[in-house]
2 protein chains.
Amino acid sequence: MEIDQILNNIYPLPESSKSVIKKYISEISYPKGHILLRAEKIETSIYFIKKGIVRAYANSADNEITFFFGKEGDTVISMKSYVANEKGYEDIELLENCDLYELKTQNLQQLFEKDIAIANWGRKFAEQELIKTEERLIFREFRTAKERYIELLTNNADLIKRVQLGHIASYLGITQVSLSRIRAEVK
Amino acid sequence: MEIDQILNNIYPLPESSKSVIKKYISEISYPKGHILLRAEKIETSIYFIKKGIVRAYANSADNEITFFFGKEGDTVISMKSYVANEKGYEDIELLENCDLYELKTQNLQQLFEKDIAIANWGRKFAEQELIKTEERLIFREFRTAKERYIELLTNNADLIKRVQLGHIASYLGITQVSLSRIRAEVK
DNA sequence: CGTATTTTTTATCATTTGTAAAATTTTCCT
DNA sequence: AGGAAAATTTTACAAATGATAAAAAATACG
């Protein structure tokens with residue numbers, strides 16, 4: 001997906017503001033398996049996915065939980081670094097070879113102070129991510145694991161094809177063994 | 001909590017921008033039990049809590065889930081109405097008599113287009129809500145129900161005193177019976 | 001192509017959480 | 001204060017999910 005479309009999907013920008021942002025955006029590719037963002041670091045870049053798929057996961061003592069998948073057109077970001085300039089809680093791993101657009105947070109922050117259209121673009125970006133996160137938080141509680149799987153299968157069939165089931169299970173909030181049971185039932 | 005402090009806690013605004021916002025803010029009180037925002041409506045106001053406590057809950061076929069508590073200094077908002085101008089998924093119920101500051105969304109949206117400091121204030125507001133929501137989504141998965149209860153007890157003791165346990169249980173993602181079992185253990 | 005590695009499935013048993021209903025306590029109202 | 005209503009706790013049982021181990025299948029790679 002091209003950068004113009006990605007920026008516009010978040011919030012339509014006047015051409016002048018868009019070309020200002022684009023001055024600070026560069027393209028970069030990394031191979032499958034690369035860790036793009038790290039939980040222990042204050043990250044200084046955000047990325048937009050041109051091609052490929054990534055996952056965000058957080059670790060506690062004994063287990064690892066995948067809580068986000070990003071694909072073409074999605075933004076990859078350590079929200080904690082971006083918002084609070086603090087270490088995040090997530091690693092981001094590339095699940096395929098990826099082509100990315102990179103933007104330094106610092107440059108974006110400066111644009112927020114100077115260009116009101118870009119400030120509102122940043123506002124819309126946060127608002128949209130917020131809606132998505134809030135919906136996930138709420139609707140997870142309303143559905144059983146099986147229903148959540150079927151919903152993912154219906155709305156994001158490609159995700160299930162492109163991502164290994166252990167990560168999907170974690171994203172759904174169940175064990176891989178449970179997911180396997182569900183799949184046997186649903187078939 | 002006074003409106004100046006509430007606005008500033010989100011993001012420090014220059015005096016000029018703050019007085020512009022304050023022109024559009026009025027005070028209003030409602031009694032315990034009042035439904036401030038409704039799921040079936042596109043809401044046209046947002047509120048800041050001067051005094052009192054509220055809960056947001058969503059309904060599905062058979063059950064109701066509380067997913068947010070707001071108290072002094074917090075913002076009460078139908079995020080779906082505010083962001084997308086669509087019906088939300090939540091009702092907001094006042095759990096005590098409340099004193100509120102009211103701001104019409106439409107007025108705020110107009111200020112976003114004209115005043116860059118206010119646009120960045122709106123951006124920061126969404127970003128901070130996003131961080132809070134994301135943390136809840138992630139860390140819920142890492143802790144057992146008992147750990148989540150103890151955490152709430154430690155960090156929000158007043159909430160447990162001010163809110164009935166059925167709502168607390170729902171917020172923690174468990175049944176009231178489960179919470180009762182946990183409380184018997186923890187005591 | 002064949003072997004090693006990774007991923008997925010299956011089976012068993014233990015634990016957690018839910019459902020339903022009754023008992024108890026607290027709150028509210030006159 | 002007294003009684004009704006609401007909230008909370010307790011109990012017994014059922015269902016869902018987790019943990020563990022091992023087998024089967026798919027994939028990677030020399």
Side-chain angles (χ1 to χ4, degrees), chain A residues 31-35 53 55 57 59-67 69 93-97 139-153 157-187, chain B residues 31-35 52-55 57 59-67 69 93-97 139-153 157-187:
Chain A
K32 174 175 178 173
H34 178 75
I35 306 295
I53 195 161
R55 74 178 178 114
Y57 59 96
N59 280 288
S60 82
D62 45 350
N63 63 337
E64 171 193 297
I65 286 164
T66 296
F67 62 93
F69 294 110
E93 177 194 4
L94 307 191
L95 300 178
E96 300 174 352
N97 297 331
F139 288 109
R140 153 156 310 190
E141 299 301 314
F142 282 119
R143 308 200 203 294
T144 63
K146 196 203 288 191
E147 287 168 339
R148 297 203 298 275
Y149 172 71
I150 290 171
E151 194 175 311
L152 195 67
L153 197 61
D158 63 321
L159 211 65
I160 290 172
K161 279 182 205 130
R162 290 166 80 180
V163 176
Q164 71 190 53
L165 293 172
H167 297 329
I168 302 276
S170 172
Y171 180 81
L172 292 172
I174 55 179
T175 59
Q176 181 162 359
V177 174
S178 271
L179 177 56
S180 205
R181 272 196 282 244
I182 288 168
R183 283 164 59 86
E185 254 188 289
V186 168
K187 252 175 228 160
Chain B
K32 175 176 177 173
H34 178 75
I35 306 294
I53 195 162
V54 310
R55 76 177 176 113
Y57 60 96
N59 280 288
S60 82
D62 45 349
N63 63 337
E64 171 193 296
I65 286 163
T66 295
F67 64 92
F69 294 111
E93 178 192 3
L94 307 190
L95 300 178
E96 300 174 351
N97 297 332
F139 288 110
R140 152 156 311 189
E141 299 301 313
F142 282 119
R143 308 200 203 295
T144 63
K146 195 202 289 191
E147 289 167 337
R148 297 202 299 272
Y149 173 70
I150 291 171
E151 194 175 310
L152 196 67
L153 198 60
D158 64 320
L159 211 64
I160 290 171
K161 279 181 205 129
R162 291 166 80 181
V163 176
Q164 70 191 53
L165 292 173
H167 298 328
I168 301 276
S170 172
Y171 180 81
L172 291 171
I174 55 180
T175 60
Q176 183 162 0
V177 173
S178 273
L179 178 56
S180 204
R181 273 194 282 245
I182 289 167
R183 284 164 59 88
E185 256 187 287
V186 168
K187 252 176 230 160

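This is a predicted model, so every value here is computed, not measured. We use all heavy atoms of the structure for the numbers below, so side chains are in, but hydrogens, waters and symmetry mates are not.
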Inset, instruction - Kindly calculate the angle separating the two end axes of the helix from dC1(C)-dG30(D) to dT30(C)-dA1(D), each obtained from five base pairs, and round it to 10 degrees. - result: 50°
Inset, instruction - Taking the side chain as every heavy atom from C-beta outward, state whether Ile160(B) and Arg183(B) have any pair of such atoms under 4.5 Å apart. - result: yes
Polar atom pairs between nucleotides 5-7 of chain D and protein, under 3.5 Å, N or O only, would you list them?
| from | atom 1 | to | atom 2 | distance (Å) |
| --- | --- | --- | --- | --- |
| dA7(D) | OP1 | Gln164(B) | OE1 | 3.3 |
| dA7(D) | OP1 | Gln164(B) | NE2 | 3.4 |

Inset, instruction - Could you tell me whether the side chain of Tyr149(A) reaches within less than 4.5 Å of the side chain of Leu179(A), counting heavy atoms only? - result: yes
Legend entry - For atom NE2 of His167(B) and atom C1' of dT8(D), their distance in whole Å: 13 Å
Inset, instruction - Assign a letter to each nucleotide of nucleotides 25-30 of chain C from its 5' end: B, base within under 4.0 Å of a protein heavy atom; S, sugar-phosphate only; -, no contact. - result: ---S--
Inset, instruction - Could you tell me the separation between the CD atom of Glu185(B) and the C1' atom of dT9(D), rounded to a whole number of Å? - result: 14 Å
Inset, instruction - State which residues pass side-chain hydrogen bond (donor to acceptor under 3.5 Å, both in side chains) with Glu141(A); sequence neighbours excluded, sorted by chain then number. - result: Arg140(B)
Inset, instruction - With the side chain counted from C-beta on, respond yes when Gln164(A) and Leu95(A) share a heavy-atom pair under 4.5 Å apart, and no when they do not. - result: no
Legend entry - With Glu64(B) via salt bridge (charged side-chain N to carboxylate O under 4.0 Å, His left out) - residues at least two apart: Arg55(B)
Legend entry - Side-chain heavy atoms of Val163(B) within contact of Thr66(B), under 4.5 Å: no
Inset, instruction - For Ser170(A), enumerate each residue passing the side-chain hydrogen bond (donor to acceptor under 3.5 Å, both in side chains) test, keeping only those at least two apart in sequence or located in another chain. - result: none
Inset, instruction - Taking side chain to side chain contact (heavy atoms under 4.5 Å, CB included) as the test, write out the residues that go with Glu96(B), two or more places apart. - result: Ile53(B), Arg162(B)
Inset, instruction - Go through the structure and list residues passing side-chain hydrogen bond (donor to acceptor under 3.5 Å, both in side chains) with Arg148(A), not counting sequence neighbours. - result: none
Inset, instruction - Identify, with sequence neighbours excluded, every residue that meets ring pair (Phe, Tyr, Trp, His ring centres under 6.0 Å) alongside Phe69(B). - result: Tyr171(B)
Would you list the protein and nucleotides 11-19 of chain C atom pairs, both N or O, that sit under 3.5 Å from each other?
| from | atom 1 | to | atom 2 | distance (Å) |
| --- | --- | --- | --- | --- |
| dG18(C) | OP2 | Thr175(B) | N | 3.2 |
| dG18(C) | OP2 | Thr175(B) | OG1 | 3.1 |
| dG18(C) | OP2 | Ser178(B) | OG | 2.7 |
| dG18(C) | N7 | Arg181(B) | NH2 | 2.8 |
| dG18(C) | O6 | Arg181(B) | NH1 | 3.2 |

Inset, instruction - Taking salt bridge (charged side-chain N to carboxylate O under 4.0 Å, His left out) as the test, write out the residues that go with Arg181(B), two or more places apart. - result: none
Inset, instruction - Starting at atom CD of Glu96(A), determine the distance to atom C1' of dA28(D), rounded to an integer number of angstrom. - result: 17 Å
Inset, instruction - Supply the atom-to-atom distance Ile168(B) CD1 to Leu159(B) CG, rounded to the nearest 0.5 angstrom. - result: 4.5 Å
Inset, instruction - Would you kindly give the CG-to-P distance between Leu179(A) and dT17(D), to the nearest whole Å? - result: 12 Å
Inset, instruction - Could you tell me which residues satisfy salt bridge (charged side-chain N to carboxylate O under 4.0 Å, His left out) with Arg143(A), sequence neighbours excluded, listed by chain and number? - result: Glu151(A)
